[in-house]
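Notes follow once the structure below has been shown.
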Protein chains: 4
Amino acid sequence: MVMQFHSDNAAQVHPRVGEAMRDADALNMGYDGGALTARLDEAMSALFGADCAVLWAATGTAANCLALAAMVRLEGGAICHREAHIEVDEGGAPGFLPHGAKLMLADVEHAKLAPDAVRALIDPIRDDVYQVQPRALSVTQASEYGCAYRPQESRALSGLCRERGLGFHIDGARFANAVAFVGCHPRAACEGADALSFGMVKNGAMNAEAIAFFDPGKADRIHHLRKRAGHLQSKGRFLAARILAMIDGDLRLDNARKANAAALQLACNAPDRLLRPVEANELFLRLSDAERAALREKGFGFHDWGHDAAWIVTAWDTREDHVEAFAAALAAL
Amino acid sequence: MVMQFHSDNAAQVHPRVGEAMRDADALNMGYDGGALTARLDEAMSALFGADCAVLWAATGTAANCLALAAMVRLEGGAICHREAHIEVDEGGAPGFLPHGAKLMLADVEHAKLAPDAVRALIDPIRDDVYQVQPRALSVTQASEYGCAYRPQESRALSGLCRERGLGFHIDGARFANAVAFVGCHPRAACEGADALSFGMVKNGAMNAEAIAFFDPGKADRIHHLRKRAGHLQSKGRFLAARILAMIDGDLRLDNARKANAAALQLACNAPDRLLRPVEANELFLRLSDAERAALREKGFGFHDWGHDAAWIVTAWDTREDHVEAFAAALAAL
Amino acid sequence: MVMQFHSDNAAQVHPRVGEAMRDADALNMGYDGGALTARLDEAMSALFGADCAVLWAATGTAANCLALAAMVRLEGGAICHREAHIEVDEGGAPGFLPHGAKLMLADVEHAKLAPDAVRALIDPIRDDVYQVQPRALSVTQASEYGCAYRPQESRALSGLCRERGLGFHIDGARFANAVAFVGCHPRAACEGADALSFGMVKNGAMNAEAIAFFDPGKADRIHHLRKRAGHLQSKGRFLAARILAMIDGDLRLDNARKANAAALQLACNAPDRLLRPVEANELFLRLSDAERAALREKGFGFHDWGHDAAWIVTAWDTREDHVEAFAAALAAL
Amino acid sequence: MVMQFHSDNAAQVHPRVGEAMRDADALNMGYDGGALTARLDEAMSALFGADCAVLWAATGTAANCLALAAMVRLEGGAICHREAHIEVDEGGAPGFLPHGAKLMLADVEHAKLAPDAVRALIDPIRDDVYQVQPRALSVTQASEYGCAYRPQESRALSGLCRERGLGFHIDGARFANAVAFVGCHPRAACEGADALSFGMVKNGAMNAEAIAFFDPGKADRIHHLRKRAGHLQSKGRFLAARILAMIDGDLRLDNARKANAAALQLACNAPDRLLRPVEANELFLRLSDAERAALREKGFGFHDWGHDAAWIVTAWDTREDHVEAFAAALAAL
């Protein structure tokens, strides 16, 4: 059996999510009008200490694109990092769902954007109809390299967004991991954001992500677009139930802490191999072909990262004995 | 407590679907590459006795639109009934997901299309660039009025489609109910169709529908479009598991038979009120304002249908005592 | 040689439009920034006695779709007559350019919509995400059957639009013909409209139509969409020049009067054959197969209209001797 | 009066184009079915010595996007240079008209792509649904820096395209200038291309560009998309006439030679300032702020290129005395 360090997408569903679905099954509400879906706004507003309107969606791609669609109008584009998930791994969805939104790519270390990089990208753009106008900024928390934005970093970005008339979107596929690492209030980890794609699936939920609009009025048209894009599920009570289970009792945070701790344990056993700071549940380790082959021989599963490195991901359910074995194997290389 | 006859969308999830999800949770496969998803092709091909390529999707709207996208090219439109779900209740999705496909509306009794009606619609269309060219025919099995296409009817439509170069799509939101009523082989109930949106949710599954392409080559591009539309779910093994549970041991058929039987029992107690033949799990009953109010007073929940009628839907889990009570109440009016 | 009564699209370019192009050629301005384009706003505002922002476009289809895009948001659709040009003859453009706008079809005699017909169409639409929400009304002035809206009719429609939150668009492919027939101020012929596709090509211009936004703020985003749709022409000064030539000295009105007069002369010679009132430059005449064949034998060119009628169109440049000959031939039938 | 070296888009219309329009005006053909449009295929096929199907379009943006739409299917993207016109100056049209085609950006000197750069871009792309699949290569002839692809360079690119299943598109906004510079047969300057956006407007035509499909079958669907995008003009005979005038008697080549010669004369007077080879009608000259100001003071108009350079464009109608004056002024700096 392979000891899995491939992806937190492959993690198991947390038992409390399963229980929540069974409870929801007792309810007979149909469609989207149900009490559980209605509770999402309340639960998220309490969590963030700020009014928000919440929509569930089946995928992170849908969540990101629906959020961007609320910001990027007919003429617009969205700024993101050149290795952002929306640019690299969403099959062109951001150019399709929000009606042709163009992504405008910035390049910064650790895939973390800062105001200077954003300014450098948008300052040369002429305010005319020939050039796509920037209308949104999308950053990933934690970043594609597993690095977390600190509150002051999010604040600085949102300040720039206000100044330049950009919507501020956070792709929080691993938002709970970032919050757990930074140790801040959840709103501080997305301070000033207009919309957050709040990731649940990688963190122990099943087939459900949340989009939180901190400007609730922005959500209205997105309800329509969600339907038009085929993303409004009947029996939506189950998506709501899964998300609520993750929020109740800070399950999302507990799960994230477990995944982060496993990543940290591995990092501590291979400190000289770290290509990126480990601030969530991902590691990028310098490992030669031979070393990767040796580790796989011993039963550890993970992705290559280019020619001389590996991309290792932990999850809430990564087994402790697997982590210990992997840590030992890394230390022994 | 209301006795629900509103919608099969609100029905419970069948316990075997729940079990299948728990079994799937033991598997660690990530994304779409998993063994369960791979088994869908095989399971559906066996069911239909014909090679088919299967994609899961979260919603019937997505299933319908992805199927149509495989047929309707840049210039095209799809023929459907003027009360078809894709025309009336999908928020404009068919005009959005398949890149602006226009729906071309035919009008026939019981929302069941026949070759004559289709010919009458397309014959006047000039073969030029000013008029949208028909490229697909989409019918609903069972129809929006709960009426089932017989094998010879499906065969006749598919013959016309071949003759006129139309793709043939079946929206099978209640496909199992139609098969159960007609009592035929599943392929006979969609004979000649190029793609079937095979409904699972209304029939006891959870958040998963299947698209079966009977020309497997047509599915390739749709895999890409499914991702681009944000419909490729990670942890997709759960969608596959839910669908497989519905197919295994003919659960879908058992469930459909229960729902149909409940509808039939109601119909038998109100034969003079039937506005449509009852050939699946829906009834359209002539009921005055006062009668509807009286029934609701007694605890029965259902939708109005215009001013003088009710739309009543049964499901696999409609309770027998509720059916008996409703039947008695109808008979007593 | 055929005496042409096929289409005003085939008419010649008026000499003054040719002169205006030659004058414009002396100017060296590039792109869209030129003085001529800038003069459009002023010239149209003067013509209508109301502030308006004007964009040129190459085609009526583009003009109509760009205007609708300003009104129909993500969730929306536009109401039009079931035989409207945007529904029947624009190749699906309204479903494509404004991002999937659905057309919602009303049916009224002479293709002229009235508030009652619009209300009948939209009243049953539920305010939910399943049904496309009406966001605009588009009528054609003169209608597809050559009938003109009177000021009070336009006023009544715009009143309904205000009441129901609909944008009001007029497809004025033959707007000048309607104004000439009604004999009113141009603004009265489009009273209350938010945007007018002001047709120039059928009336003697070359490859240029105008979109007038009576709420100038609505035009801003459309400038971007026009570019994104590939409709911003370099050397745009020529389009501006062609439009200005049509406005200067009421050329558009003179041309329309000539075309209308020719149609009227034909109508007076076949009063018992008229299927529609003749209120612009189109005639729909009851003519049997044999009669149509006989007329064609004599050299008259025109379109069939179904099996027992002909569709006859006059233009600003229809020759008087041709009209007299055709009138005589009709009278002699 | 300013001596214009801003843009060839602002150039005058060649008198023979004006004559051709007047001739076309005598014809009464309506729409797109006319004899002139029909002659385009023949004229272009003769010019290129290869069967081709030709569509006219109002703009280069439309021409490029319609050509790409024939190549880039639902899942696809198109490779281009990071400073390509389609990426930088078309307002996001390539992501809109061909239904969300993603542009994939390569970086090479002088904005000229070579097989190595294309391979470097596409080799790392995984063949899955998460990453946009490359389906087309688009290069600009002459490039955005006024550099021309030689026949062997075009051949090498087309070879790679065949090998990798990419459509090969050439944006020939200044195609005639490249042909004139290279001195080759026109087909050699676009060897192996599947579609060419053949620029006319910058070279002396008015509001008309041509798209030549060297695989005529590819043009069929694009006729429909052209209409759906609002780009099918009535009175299209004028666009055909303008294009035919440019082809007849090699007018396009004569015009291009004049523009190129003017550029060369300037280049010869500022050889040490050239930032790019001058292989068409554009110059990129190192010029300080003070130098640019001094030149403008003397009446020369041109664009800045960043902080220390100027972008200078000549046209077929650039006056010889202006060129001589500008050359002298440059030499005297």
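Below, each value reflects all heavy atoms present in this structure, side chains not excepted, and no hydrogens, waters or symmetry copies. Numbered from 1 within each chain, the chains take letters A, B, ... in sequence-line order.
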Give the minimum heavy-atom separation between [X] and [Y], together with the two atoms involved.
{"X": "A/F238", "Y": "B/V13", "value": "CZ-CG2, 3.4 Å"}
{"X": "A/S234", "Y": "B/V201", "value": "OG-CG1, 3.6 Å"}
{"X": "A/Q233", "Y": "B/A58", "value": "NE2-CB, 3.5 Å"}
{"X": "A/G230", "Y": "B/H231", "value": "O-CE1, 3.0 Å"}
{"X": "B/K227", "Y": "A/T61", "value": "NZ-OG1, 3.1 Å"}

Heaviest contributor of heavy-atom pairs below 4.5 Å to chain B, chosen from A/M206, A/E209, A/E90, is A/M206
Could you have a look at A/G18, A/A62, A/G92 and say which one has the most heavy-atom pairs with chain B under 4.5 angstrom? A/G92
Contacting moiety of B/D8, where chain A heavy atoms sit under 4.5 Å: backbone
Which answer fits B/A208, side chain, backbone, both or neither, if we ask what part of it has an atom under 4.5 Å from a heavy atom of chain A? neither
So what's closer than 4.5 Å to chain B heavy atoms on A/L66: side chain, backbone, both or neither? neither
A/A205 portion near chain B, given a 4.5 angstrom heavy-atom threshold: backbone
Just wondering, do A/L239 and B/N207 contact through their side chains at under 4.5 Å, heavy atoms? yes
Any sub-3.5 Å donor-acceptor pair from B/K235's side-chain atoms to A/A11's backbone N or O? yes
Residues in side-chain contact (heavy atoms from CB on, under 4.5 Å) contact with B/R292, at least two apart in sequence or another chain: B/L287, B/D289, B/R296, B/F302, B/D304, B/A310
For chain A, the option from B/A93, B/G60, B/C65 that forms the most heavy-atom pairs under 4.5 Å: B/A93
With sequence neighbours excluded, what pairs up with B/F198 under the ring pair (Phe, Tyr, Trp, His ring centres under 6.0 Å) test? B/F48, B/F175
One should read off an interatomic distance between A/R22 CZ and B/M21 CE, to the nearest 0.5 angstrom, of 8.5 Å
